[in-house]
Every structure is written in C-alpha cells, then in structure tokens.
Undergrad: 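Below are the structure tokens for one structure; questions will follow.
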Amino acid sequence: MHACLAAIAREMGVEVRAIGGTGDHVHLLMWVPPRMAVANIVRTLKADSSKWMNEEDHLFAWQQGYRAFSVSVSNLKAVEQYIARQEEHHRKRSYAEEFREFLKKHGIETASGREME
C-alpha cells in the first residue's frame, strides 16, 4: 500500500518525503505544490489506492475522513523519524490515544465536538 500511495502521489506531482503507518492508519509527509488542494490529493490517493487494492482481491476501504497538518522545515527530520517508527510507537499506545493527546495539547476540538469519531 505504501508503494502504491507513493506512486500515485508522484503521478500527481506530489513529493512523498516519508510514508508509514500500521494496520489502521497511514501517515504521509508530502511536499504539496501550492497549486494543488490537499483535499484533491487525498481524494485521489484514496480512490486510486482503493481501486488497486480491490483489483488485487483485497476487501479494502478507507475511513471517511482524513487529517492534514502543515510541518515547518525545522521539524521535517523529527516528523520523518516519527513516521518511520510507527509500528514500534503504536505498541505503546494506540493511534486514537495519541491523537486525542495531540488535539488536547494544541487546544483543538473537532467540528462535531468530539476529538475522535
């Protein structure tokens, strides 16, 4: 899946700096050209990778939403390392637990009033 997502991104002109995740989520660190909308990139990544997975006889579907955050150049290495260590990292705490902590730390609440859906 990671190689598939990277190939789709390349075809769109999006540079993938890092990609990783576990069975229930994926992280992509991407350099998005200013002329492109993140929503369009994610829609294409999800649609094309779902098509590929289902053509390979894997029953697969993405969750409905996604989350996108910008990263300063000074934090690129830290984010790349975080993405590279996803399997190890999520043995200690789940993605949902980590995401709730991230939202709380930054004072963010989702539109629905809940941190995780």
Side-chain angles (χ1 to χ4, degrees):
M1 175 60 81
H2 295 169
C4 175
L5 290 168
I8 295 165
R10 263 191 314 274
E11 288 175 18
M12 289 188 292
V14 174
E15 177 187 347
V16 175
R17 306 274 308 243
I19 187 168
T22 62
D24 65 352
H25 72 282
V26 65
H27 294 276
L28 290 107
L29 178 59
M30 302 182 292
W31 194 272
V32 177
R35 69 188 189 316
M36 299 180 82
V38 173
N40 293 337
I41 294 167
V42 172
R43 181 176 47 250
T44 301
L45 288 170
K46 285 181 161 187
D48 291 3
S49 61
S50 291
K51 182 179 180 213
W52 174 75
M53 286 290 285
N54 289 303
E55 286 173 350
E56 296 291 316
D57 292 327
H58 300 286
L59 185 58
F60 181 81
W62 288 102
Q63 70 179 23
Q64 191 171 27
Y66 69 92
R67 290 163 176 90
F69 304 94
S70 61
V71 177
S72 68
V73 173
S74 64
N75 285 323
L76 286 177
K77 287 289 181 205
V79 174
E80 288 171 352
Q81 291 171 354
Y82 168 78
I83 290 172
R85 294 192 299 259
Q86 285 296 289
E87 291 286 344
E88 170 190 338
H89 183 74
H90 289 299
R91 277 190 285 250
K92 297 174 188 165
R93 64 181 170 167
S94 73
Y95 172 73
E97 291 169 328
E98 180 180 40
F99 191 67
R100 277 194 278 285
E101 184 179 305
F102 174 86
L103 292 175
K104 185 177 178 181
K105 177 181 175 182
H106 295 284
I108 300 170
E109 189 173 303
T110 63
S112 66
R114 299 178 305 199
E115 285 117 358
M116 290 296 292
E117 297 177 7

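Treat the numbers as computed from the prediction; the structure is a model and nothing was measured.
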Undergrad: Checking side-chain contact (heavy atoms from CB on, under 4.5 Å) for the pair Gln86/His25: CA distance, chi angles, key distance, verdict?
TA: CA-CA 10 Å; Gln86 285 296 289; His25 72 282; 2.8 Å; yes

Undergrad: Flag the pair Lys51 and Glu55 as a salt bridge only when some basic side-chain nitrogen lies within less than 4.0 angstrom of an acidic carboxylate oxygen.
TA: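 Salt bridge flag = yes for Glu55 with Lys51.
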
Undergrad: Could you pull out all residues at least two apart from Ser70 that satisfy side chain to side chain contact (heavy atoms under 4.5 Å, CB included)?
TA: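 Applying side chain to side chain contact (heavy atoms under 4.5 Å, CB included) to Ser70 gives none.
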
Undergrad: Hydrophobic cluster membership, with links at side-chain heavy-atom distances under 4.5 Å among I/L/V/M/F/W/Y: are Leu29 and Val26 in one?
TA: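 As far as the 4.5 Å side-chain criterion goes, Val26 and Leu29 are not connected within one cluster.
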
Undergrad: Going through the checks in order, is the side-chain contact (heavy atoms from CB on, under 4.5 Å) test met by Val16 and His2?
TA: CA-CA 10 Å; Val16 175; His2 295 169; over 6 Å; no

Undergrad: Strictly by side-chain hydrogen bond (donor to acceptor under 3.5 Å, both in side chains), give each pair with a member in residues 8-20 just once, sequence neighbours left out.
TA: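 For residues 8-20, and leaving out neighbouring residues, there are no side-chain hydrogen bond (donor to acceptor under 3.5 Å, both in side chains) pairs at all.
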
Undergrad: Which heavy-atom pair separates Leu45 from Trp62 by the least distance, and what is that distance?
TA: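 Looks like O-NE1, 4.4 Å.
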
Undergrad: Counting neighbours of CH2 on Trp31 that are heavy atoms of other residues, nucleotides or ligands and sit closer than 6.0 Å, is the number greater than 12?
TA: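 Counting neighbours around CH2 of Trp31, 12 or fewer heavy atoms of other residues, nucleotides or ligands fall under 6.0 Å, so no.
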
Undergrad: Is the shortest distance from a Lys or Arg side-chain nitrogen in Glu97 or Arg100 to a carboxylate oxygen in the other one below 4.0 Å?
TA: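 Here Glu97 does not pair with Arg100 in a salt bridge, since their nearest N and O are not under 4.0 Å apart.
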
Undergrad: Look up atom CE in Met1 and atom CZ in Phe60, then write down how far apart they are to the nearest 0.5 Å.
TA: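 Answer for the CE-CZ pair, Met1 versus Phe60, is 3.5 Å.
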
Undergrad: Is atom CD of Gln64 surrounded by more than 12 heavy atoms (other residues, nucleotides or ligands) closer than 6.0 Å?
TA: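 Check fails, neighbour count at 12 or below.
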
Undergrad: Decide side-chain contact (heavy atoms from CB on, under 4.5 Å) for Val14 and Met36; before the verdict, give the C-alpha distance in whole Å, the side-chain angles of both, and the deciding distance to 0.1 Å.
TA: CA-CA 9 Å; Val14 174; Met36 299 180 82; 3.9 Å; yes

Undergrad: What about the rings of His27 and Tyr82, do their centers lie closer together than 6.0 Å?
TA: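 Centroid separation for His27 and Tyr82: below 6.0 Å.
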
